Amino acid sequence: MFCFQCQETAKGTGCTISGVCGKRPETSRWQDLLLSVVRGIGTIGDSLNKSNVAFDKVKTGDYLVDALFATITNANFDDTAILAKVDAGIVLKKELLAIAHENSVTLPDYQEVRWGGEKTDYTAEGSREGVLRNDNADLRSLKELDVLGLKGMAAYYEHAARLGERSTDIIDFMMKALATITNPDADMQTLLNNVLETGKYGVDVMALLDKANTGAYGNPEITKVNIGVGKNPGILVSGHDLHDLEDLLEQAQGTGVDVYTHGEMLPAHYYPLFKKYKNLVGNYGNAWWKQKEEFSHFNGPIVFTTNCIVPPSPKANYKDRVFTTNSTGFPGWKHIDEKDGHKDFSEVIALAKQCQAPEEIEHGEIIGGFAHSQVFALADKIVEAVKSGAIRKFVVMSGCDGRMKSRDYYREFAEGLPKDVVILTSGCAKYKYNKLQLGDINGIPRVLDAGQCNDSYSWAVVALKLKEIFGAQDINDLPIEFNIAWYEQKAVIVLLALLSLGIKNIHIGPTLPAFVSEGVLKVLVDNFGLGTISTVDEDLKTMIA
């Protein structure tokens, strides 16, 4: 195997024996095979588009999105489930090939297009289609950077689609991008243009998801969230999918079972519609990587709506009460499928009734709900604070949290910021500092949490609005710094989206991605001023002085 898609990849270069995330070599091979099928379908779909031949784009788009999402870090460890997606992809590919043949569409002569899914070739084909199939380091880097961006795009698109929001333009682009990645003759400039265009569509897909979430649940509003526990048995919901949470809350009403959010589900509390559910009682725990310890104290069932899954130890006391949905999977865990747009959580609720109430691991409240609509409601107050000098600068500290000790940097950086600096955050990176007592500025909290990682879109919208308010010529003239923590592929699409908006001098950390080669890094530095973090003291001087 060879995998270097996450920040914790072995030795900062790539996992070759087994994944730091817990992914086994066999699972890595089947994911590589699935991505090969995805590239083939994308290439055929793009060729049909170029010839103006009609085909079922909803079916094709939903397949591509689900398959890409399943290969995101910590999403699916179930070989059987991944190979079932390969089989489904082969069936879809043959359907598209038949349409191409009927309409005399000439297809590129690529292995990904030709391969017919012969079972005897699964192992050989999976090994052949890994990351290292590309010999040129810079070309490989750009192709993988784009693939990882598309994985993040797929994650956001799936959530939007489940709430009824789809976009043919986004699916058409994903197929075009996959065709470009598949082309063995694509040069550096073509691939770089593809990456930057992926960033542009990254903005579009986050806008689509924002529309889906706010259309279904209302605009997030300032909310205090309980982090303690009640006396009833509970169900813990992790991941990102708000539609799943809605289904569960609706079904659990009146059962005597409480529901808690975990990790990136925390921002559900900010949406007005979820406030009507009295059985949504709080948020339990912290970021994804602490789940082994925290799940052992929860006592009730856990539902993963998306990544991030940390494989439990064989002796874990919770391993027999975990459920997965959507693109996630783990061997031995019950998977809940969708039927007619909804899921049946009765088995989860029945199990919860047999469990003890959660153990309290902390108590108190945290505040959030500062998505763009709420920030705009405070615009006059914020602008006045900037003009008066009460707020000197904003620092966007969105992104991911993770296990590495070096990530303590983000807590220390937040603690070290002068008291006239406001943190704008989203994603699970916030768990490094959202429970610190950092105070406020004229009633404005110094940590403004917009929500999930996709809600980084809010800070782009806010930045563009501030540019308009202050009459700035360039978005980079605003008193905003970007200090982004990354871990997996959703952070990649967020970064590409920010670059597409022209935002420069972004700092990312705690390390640079292993999939960015020296040649590609030079391009990013020369064109966008992209850099990594240093020490807290040095970065405070550089960003805040």
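The shown structure was predicted, so the numbers you read here are calculated from the model rather than taken from an experiment. Residue indices begin at 1 and follow the sequence shown.
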Do you see a donor-acceptor pair shorter than 3.5 Å between the side chains of [X] and [Y]?
| X | Y | answer |
| --- | --- | --- |
| Q111 | R39 | no |
| E165 | Y157 | no |
| N219 | Y271 | no |
| K490 | N307 | yes |
| N326 | K343 | yes |
| E197 | N193 | no |
| T43 | E112 | no |
| Q489 | T73 | yes |
| D146 | T198 | yes |
| S346 | Q251 | no |
| N283 | T261 | yes |
| S398 | T425 | no |

Output, in order, the C-alpha distance, side-chain angles, deciding distance and verdict of ring-ring contact (aromatic ring centres under 6.0 Å, His included) for F77 and W30.
CA-CA 10 Å; F77 297 84; W30 304 143; over 10 Å; no
Determine, using ring centers only, whether [Y] and [X] are less than 6.0 Å apart.
| X | Y | result |
| --- | --- | --- |
| F295 | W288 | no |
| Y217 | F274 | yes |
| H240 | Y156 | no |
| Y122 | W115 | yes |

Locate the shortest heavy-atom distance separating [X] from [Y]; write the atom from each residue and the value.
| X | Y | result |
| --- | --- | --- |
| T305 | V237 | CG2-CG1, 3.8 Å |
| D210 | T214 | O-OG1, 2.7 Å |
| N76 | T328 | ND2-C, 3.5 Å |
| R133 | I181 | NH2-CG2, 4.4 Å |
| P25 | M1 | CA-SD, 3.8 Å |
| P311 | C21 | CD-O, 3.3 Å |

Would D449 and Y270 satisfy side chain to side chain donor-acceptor pair (under 3.5 Å), going step by step from the backbone distance to the final call?
CA-CA 10 Å; D449 175 22; Y270 310 157; 2.5 Å; yes
Start with the C-alpha distance between K275 and T223, add both sets of side-chain angles, then the distance that settles side chain to side chain donor-acceptor pair (under 3.5 Å), and finish with yes or no.
CA-CA 10 Å; K275 296 180 189 298; T223 305; 2.7 Å; yes
Test F528 against I506 for side chain to side chain contact (heavy atoms under 4.5 Å, CB included), laying out the working first.
CA-CA 8 Å; F528 300 101; I506 298 171; over 6 Å; no
One pair to check against side chain to side chain donor-acceptor pair (under 3.5 Å): T190 and D187. What are the steps and the verdict?
CA-CA 5 Å; T190 299; D187 59 23; 2.7 Å; yes
Measure the [atom1]-[atom2] distance between [X] and [Y] for me, rounded to the nearest 0.5 Å.
| X | Y | atom1 | atom2 | answer |
| --- | --- | --- | --- | --- |
| D241 | E264 | CG | CD | 12.5 Å |
| M404 | Y487 | CE | OH | 10.0 Å |
| I72 | Q31 | CD1 | CD | 10.5 Å |
| R140 | S517 | CZ | OG | 8.5 Å |
| H342 | D344 | NE2 | CG | 12.0 Å |
| Y63 | L96 | OH | CG | 11.0 Å |

Matching residue for Q5 among E488, E144, K151 - test: side-chain hydrogen bond (donor to acceptor under 3.5 Å, both in side chains)
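With Q5 as partner, E488, E144, K151 yield a single side-chain hydrogen bond (donor to acceptor under 3.5 Å, both in side chains), made by K151.
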Should we say atom NZ of K292 is surrounded by more than 12 heavy atoms from elsewhere, each under 6.0 Å from it?
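Enclosed: over 12 neighbouring heavy atoms sit under 6.0 Å from NZ of K292.
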Verify the neighbour count for atom NZ of K57: are there more than 12 heavy atoms of other residues, nucleotides or ligands below 6.0 Å?
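It does: K57 NZ has more than 12 such atoms within range.
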Checking ring-ring contact (aromatic ring centres under 6.0 Å, His included) for the pair F304/H262: CA distance, chi angles, key distance, verdict?
CA-CA 10 Å; F304 275 100; H262 170 263; 7.4 Å; no
Do NZ/NE/NH1/NH2 and the carboxylate oxygens of [X] and [Y] come within less than 4.0 Å?
| X | Y | answer |
| --- | --- | --- |
| K430 | D401 | no |
| K200 | D204 | yes |
| E95 | K59 | yes |

Is there a side chain to side chain contact (heavy atoms under 4.5 Å, CB included) between T324 and I336? Walk through the geometry before answering.
CA-CA 6 Å; T324 61; I336 302 173; over 6 Å; no
Would you say the side chain of [Y] lies within less than 4.5 Å of the side chain of [X], judging by non-hydrogen atoms?
| X | Y | answer |
| --- | --- | --- |
| Q452 | Y457 | no |
| S36 | E125 | yes |
| S127 | R29 | yes |
| L107 | D109 | no |

Please evaluate residues N49 and F55 with respect to the criterion side chain to side chain contact (heavy atoms under 4.5 Å, CB included), reporting the C-alpha separation (whole Å), side-chain torsions for both, the decisive distance (0.1 Å), and the verdict.
CA-CA 9 Å; N49 276 338; F55 61 101; 3.6 Å; yes
Evaluate the criterion side chain to side chain donor-acceptor pair (under 3.5 Å) for residue pair E250 and Y277; output intermediate values, then yes/no.
CA-CA 8 Å; E250 193 68 33; Y277 292 105; 2.5 Å; yes
Are any side-chain N or O atoms of K319 and backbone N or O atoms of G332, one a donor and one an acceptor, separated by less than 3.5 Å?
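It does not hold such a pair.
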By the definition salt bridge (Lys or Arg N to Asp or Glu O under 4.0 Å), identify the one residue from D244, D66, D62 that meets it with R162.
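Exactly one option meets the salt bridge (Lys or Arg N to Asp or Glu O under 4.0 Å) with R162, and it is D244.
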Could you walk me through whether T9 and V20 satisfy the side chain to side chain contact (heavy atoms under 4.5 Å, CB included) test, starting with their C-alpha distance in whole Å, then the side-chain angles of each, then the deciding distance to 0.1 Å, before giving a yes or no?
CA-CA 6 Å; T9 194; V20 171; 5.9 Å; no
